[in-house]
Amino acid sequence: MMDLTPTPEQHITDSTDATFMADVVDASMKTPVIVDFWAPWCGPCKTLGPAIEAAVNKAGGRVKLVKVDVDANQQIAGQLRVQSIPTVYAFWQGQPVDGFQGALPPSEVETFVNKIADMGGEPEDDGLAGAIEAAQAMLDEGATADAAETFAAILQEDPQSAPAYAGLVNAHLALDDLDQAEAILNGAPAEISHDPALEAAAARISLLRDAQNTGPIDDLRARIEADPDDHQARLDLATALSAKGQTQEAVDHLLESFRRDRAWNDEAAKAHLFKLFEALDPKDPAALTGRRKLSSMIFA
């Protein structure tokens, strides 16, 4: 029988200006992609490159590595503002989500790679997976208090469970108890603080805090109607809309602001879009379409 197990080389590819969209942006819709910008003459690249390759191969297909020679592919390096090498970007769902410059120790490289790989998700392999799934179903169905109680019980059994911590935070957000949600998040063990589920919960809390400082939605709409280039009003309106669950309209306003003037306030519209995407479920239609539209603008 033919062995169809992926070889390590299948997790690592080279890309060019012409194939970058397919190799990275499109591919990252299914699997996180790490991009290593390097050059043959770069000394630190010769140590960082093998470390990333080893960590990606160790991840066993949960993340892919794409290598870009900046000397041969100056267009994409310029679009992503690569100013020194080595530079590493991570893409998930069509957008850059993390990165660093310079060489890192192998242990830090492996931590970074695992963090990006975790964005793609993996099934829970412990005995509490069923309980977490049941608690999430309660939360989705509106049985918020029961969900919070179940998530809390799970944490008694496994204090390191990031899904349970995130679920408990989200349950308190659903109960409009923002302060308690933030206190729970801040109490999560440092070892799991960078788990994607907890970072998403942190983004939701940040958005809700931001929304407390915006004006009435009708007033913000009126400001935009009077001046479509009032980017602060658009940002405030998007923040207020996202807090009320009107995420598609929030995304649309942020994309329009980015289209009109991407550089405004140090690319504030893009930064806010990243925060909003992080707060949403990766499969949320507003996140999926928003990521694609933003990527097409960035790489146009």
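Minimum heavy-atom separation, G61 to T31: O-CG2, 3.9 Å. Across all their heavy atoms, T247 and A286 have their closest contact at OG1-CB, 3.9 Å. A164 approaches L155 most closely through the heavy-atom pair CB-CD2, 3.6 Å. Summarising the geometry of A269 relative to F258, their closest heavy-atom pair is CB-N, 3.9 Å, with the distance given to 0.1 Å. The two residues A201 and V169 have their closest heavy-atom pair at CB-CG1, 3.8 Å. For the pair V251 and G290, the tightest heavy-atom approach, listed with the atom from each and the gap, is CG1-CA, 3.9 Å.
The neighbour count for D281 CG, taken as heavy atoms of other residues, nucleotides or ligands under 6.0 Å away, is above 12. More than 12 heavy atoms of other residues, nucleotides or ligands sit less than 6.0 Å from atom NZ of K115. Other residues, nucleotides and ligands contribute at most 12 non-hydrogen atoms within 6.0 Å of the CD atom of E149.
Within the structure, the salt bridge (charged side-chain N to carboxylate O under 4.0 Å, His left out) test picks out the following pairs touching residues 26-46 (sequence neighbours left out): D36-K67. Residue pairs meeting the ring-ring contact (aromatic ring centres under 6.0 Å, His included) criterion with at least one partner in residues 211-238, sequence neighbours excluded, are H231-W264.
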Under 3.5 Å donor-acceptor pairs involving side-chain atoms of residues 132-145, not counting sequence neighbours:
residue, atom, partner, partner atom, Å
Q136, NE2, D140, OD1, 2.9
T144, OG1, G142, O, 3.4

List the atom pairs, donor and acceptor, that lie under 3.5 Å between side-chain atoms in residues 192-200 and the rest of the protein, sequence neighbours left out.
residue, atom, partner, partner atom, Å
S193, OG, A190, O, 2.9
H194, ND1, E199, OE2, 3.3
D195, OD1, A197, N, 2.9

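Between V97 and F91, the closest side-chain pair of non-hydrogen atoms is not below 4.5 Å. At a threshold of 4.5 Å between non-hydrogen side-chain atoms, the residues I34 and V66 do not count as touching. Annotation: side chain of L48 is in contact with side chain of V88 (closest heavy-atom distance under 4.5 Å). A 4.5 Å side-chain heavy-atom check between P86 and F100 finds every atom pair outside the cut-off. Between L173 and N170 there is a side-chain heavy-atom pair separated by less than 4.5 Å. Taking the side chain as every heavy atom from C-beta outward, V68 and V35 approach each other to under 4.5 Å. A heavy-atom distance below 4.5 Å is found between the side chains of H272 and L207.
In the model, T214 has no side-chain atom that pairs as donor or acceptor with a side-chain atom of D236 under 3.5 Å. A donor-acceptor contact under 3.5 angstrom links the side chains of Q248 and D252, judged on distance only.
Taken together through direct or relayed side-chain contacts under 4.5 Å among Ile, Leu, Val, Met, Phe, Trp and Tyr, L168 and L208 form part of one hydrophobic cluster. By the criterion of side-chain heavy atoms lying less than 4.5 angstrom apart, applied directly or through intervening Ile, Leu, Val, Met, Phe, Trp or Tyr residues, F20 is grouped together with M297 in one hydrophobic cluster. In the hydrophobic cluster analysis, where Ile, Leu, Val, Met, Phe, Trp and Tyr join through side-chain heavy atoms closer than 4.5 angstrom, I298 is grouped together with F37.
Expressed to the nearest 0.5 Å, how far CG of L288 lies from CG of L280 amounts to 9.5 Å. Rounding to the nearest 0.5 Å gives a distance of 10.0 Å between OG1 of T16 and CD of Q75. The structure places CG of L294 at 7.5 Å from OG of S296, a figure rounded to the nearest 0.5 Å. The line from CG of L273 to CD of E278 is 13.0 Å long, rounded to the nearest 0.5 Å. Between the CD atom in Q101 and the CD atom in Q83 there is a gap of 7.5 Å [rounded to 0.5 Å]. With rounding to the nearest 0.5 Å, the separation of CG in L276 from OG in S242 is 5.5 Å.
Between the N265 side chain and the A268 main chain, no donor and acceptor come within less than 3.5 Å of each other. In terms of modelled atom types and a separation under 3.5 Å, the side chain of S28 and the main chain of G94 share a donor-acceptor contact. Judged purely by atom type and a 3.5 angstrom limit, S295 has no side-chain atom pairing as donor or acceptor with the backbone of R292. Looking at S161, its side chain never comes within 3.5 Å of a backbone N or O of D158 through a donor-acceptor pair. Checking side-chain atoms of T239 against main-chain N and O of L235 turns up a donor-acceptor pair under 3.5 Å. In this structure, the side chain of Y89 does not engage the main chain of V33 through any donor-acceptor pair within 3.5 Å. Counting only distance, with no hydrogens or angles, the side chain of Q93 and the backbone of M29 share a donor-acceptor pair below 3.5 Å.
Applying the side-chain contact (heavy atoms from CB on, under 4.5 Å) rule to D69 yields the partners W38, A39, P40, D71, A72, N73; only residues at least two apart in sequence or on another chain are considered. Residues satisfying the salt bridge (Lys or Arg N to Asp or Glu O under 4.0 Å) test with E267, not counting sequence neighbours, are R81, K270. Partners of D177 by side-chain contact (heavy atoms from CB on, under 4.5 Å), not counting sequence neighbours, listed by chain and number: H172, D179, Q180. For Q212, the side-chain contact (heavy atoms from CB on, under 4.5 Å) test picks out L178, R209, with sequence neighbours left out. Applying the ring pair (Phe, Tyr, Trp, His ring centres under 6.0 Å) test to F274 and every residue at least two apart in sequence or in another chain returns nothing. Under the salt bridge (Lys or Arg N to Asp or Glu O under 4.0 Å) criterion, D284 pairs with no residue, sequence neighbours left out. Scored by the salt bridge (Lys or Arg N to Asp or Glu O under 4.0 Å) test, K293 finds no partners at all (sequence neighbours excluded).
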Go through E182 and N186 one step at a time and tell me if the side chain to side chain donor-acceptor pair (under 3.5 Å) criterion holds. CA-CA 6 Å; E182 190 165 32; N186 291 337; 4.8 Å; no
Just do the side chain to side chain contact (heavy atoms under 4.5 Å, CB included) check on E110 and N114 with the steps written out, would you? CA-CA 6 Å; E110 185 169 347; N114 288 334; 3.6 Å; yes
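Salt-bridge annotation for R221 and E249: present, with a side-chain N of the basic residue lying under 4.0 Å from a carboxylate O of the acidic one. Under a 4.0 Å N-O distance rule, the pair D23/K64 does not qualify as a salt bridge.
In this structure, L220 shares a hydrophobic cluster with I217, I224, L237, L241, the cluster being traced through Ile, Leu, Val, Met, Phe, Trp and Tyr side chains under 4.5 angstrom apart.
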